[in-house]
Amino acid sequence: MGNDVMISLEGVTKVFASSATPAVKDLSIDVARGETVVLVGPSGCGKTTTMKMVNRLVEPTAGTITVDGTDVMQQDPVELRRGIGYVIQSIGLLPHRDVRRNIGTVPYLVGWDAKKIDDRVGELAAMLELDEDLLGRYPGELSGGQRQRVGVARALAADPPVMLMDEPFGAVDPIVRERLQDQFLDIQARLKKTILFVTHDMDEAIKMADRIAILNKGGVIEQFAPPEEILRSPANDFVRRFVGAERGLKRLGLLSVADIGVEEGPVVGPGDARQDARRVIEEWGFGWTSVVDDGELQGWIDASDLESVGSVGEASPKPFSAYVTFNSSLRQALDSIVTSRTQVAVVAHHDQRYAGILTLERISKEITA
Amino acid sequence: MTLAQASGQPFIDWSWIADHSDDIYVRSIEHLQLTGAAVVIGLAISLPLAVYSYRHQWFYSPVTWVAGVLYTIPSLALFAFLLPYTGLRARTALIGLVSYTLLILIRNIVAALEGVPTDVLEAARGMGYSRRQLLWRVEVPLALPVIMAGVRLATVTTIGLVTVAALIGRGGLGTFILLGMNRFFITATLVGSVLSVFLAVIADALLVRLERRVAPWSDRGLAT
């Protein structure tokens, strides 16, 4: 990665005056440009402290922290913070300023002219799907989800390359949280910010992270790896416990059908004779076969459909109640398998072109690999 | 007319009120001016002391101790002490009145600042507000509704206290109360006290309106 490191913490220690044991001890971590690193761990693991040292809301006792190659301790803290987007769980919108002014906080502080601020606020409101008529309201008049979105818009306002997010979607109900996460992932796909993200929720970490750092008490890193790797091979018992139940299922949620490829399955074409089709059904032993016409998936037939016809083309194939695509997660494929009568998922391309099948054995081999 | 009250005259001497309407008006204005000046000066002294105590914990106890001692001195005694030095002037009355506002205002401003939600402060610091910007653009504006409650209390208290300053000839409506006492003339005492209460009620109502003006957001729910 070399030059591409945007945030780097090296041997960082924080000892608070009120406590003998360090909150964070000799921690090293780096975030590449455009990458989202999620710090996750139980409460008291120092994840929030670690994050706050990056914008110097907490001053490190020892170690070096650089943002874009510059030591943060060499910078004026106020200037430093204006260049870093900051979102916290309680959001902390200014209750005495309307939404417009709240979103425009940092541009206002750094002295943009009114017109430019107004344009930018409009742009962000559109990006986060905040209605124009919300802009004149006070934060006390917003719903929880709206407040969180205003908080994110505010952090993005001056277009900072780096964002610090401390449980930014923590204060809303699970359904709203999911929506906000998806929306933010969409935005991040376009903006490519460098993000240090803190949460105690492993599922959120898996969803948001390019890499996850799992922290134990005292800011000790137990494992620092991409989500898929952490789920596949947890470094130790602490990580295994923290990742929790359904580790295999969570991992299947991260892998797509394209990652493991498809298997061959029973296929017949309209031109195939009745007895040939019967043989295909018998050989595979599923009791049915896919019907594919010139590459396109038509549906399926079983032996009873062939009773009064001379060739497959005269039978009428039944549509699949569900099939999966290469973009589907293995978790979705698994769902499709266990709900099908014959424990097989049919895989097709987006344009309905037939690709193959996926079986339980194939997926379970992937889980245990 | 002076001793008329004793001999079966009506309880309220309306003609006396009519004859003295100019005087009543002038004294009412004086009353308001003294109150206004005392509260404004009190605020000017309290604000920096309160902000300093808010930021430096150690300063809070001594400053409220001094203000507390001033507050407990009987007003009559305070004027008596001051008189030899400052004379029968408005200045004497003001020193006394201001010193009574300090405890109320300082305690209120400090409590108001401490009541500003910590998440708002943290977010504001995280976005790059400097200490000074934080104070004037976030902490003071957010503390304003509670500070205004203190100003209302100080104002109403001061309106009552001004009457005592009549003893040194600067008492606004208190002048009538004193006159009534000295001459057993109930009409004057009533005029002084009723108008004084009336001024307090009006001032309080006006300050409530002012508070809504300066903090329109506080009406619309301060959910955090």
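All chains are named by letter (A, B, ...) in the order of the sequence lines, taking the proteins before the strands, and each is independently numbered beginning at 1.
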Can you tell me if CZ on B:F59 sees more than 12 non-hydrogen neighbours from other groups inside 6.0 Å?
yes
Chain B heavy atoms under 4.5 Å from A:R97: which part of the residue, side chain, backbone, both or neither?
side chain
Against chain B, label A:I88 side chain, backbone, both or neither, depending on which of its atoms sit under 4.5 Å from a heavy atom there.
side chain
Please determine, among B:G128, B:S130, B:P141, the option with the most heavy-atom pairs under 4.5 Å with chain A.
B:G128
Side chain proximity check, A:R81 to B:R125, heavy atoms < 4.5 angstrom
yes
Are more than 12 heavy atoms from other residues, nucleotides or ligands located less than 6.0 Å from atom CZ of B:R131?
no
For residues B:V120 and A:L93, report the shortest heavy-atom separation together with the two atoms involved.
CG2-O, 3.6 Å
Is A:E79 atom CD crowded by more than 12 heavy atoms from other residues, nucleotides or ligands, each under 6.0 Å away?
yes
With a 4.5 Å heavy-atom cut-off, do B:D119 and A:I91 have their side chains touching?
no
Taking the side chain as everything from C-beta on, heavy atoms only, tell me whether A:Y138 gets closer than 4.5 Å to B:P216.
yes
If you count the non-hydrogen atoms of other residues, nucleotides and ligands that lie under 6.0 Å from CZ in A:R120, is the total more than 12?
yes
Smallest heavy-atom separation, B:A123 atom then A:G92 atom, equals CB-O, 3.5 Å
What I'd like to find out is whether the side chain of A:L109 reaches to under 4.5 Å of the side chain of B:R137, using heavy atoms alone.
yes
Do A:T105 and B:Y129 have side chains that approach each other closer than 4.5 Å (heavy atoms only, starting at C-beta)?
yes
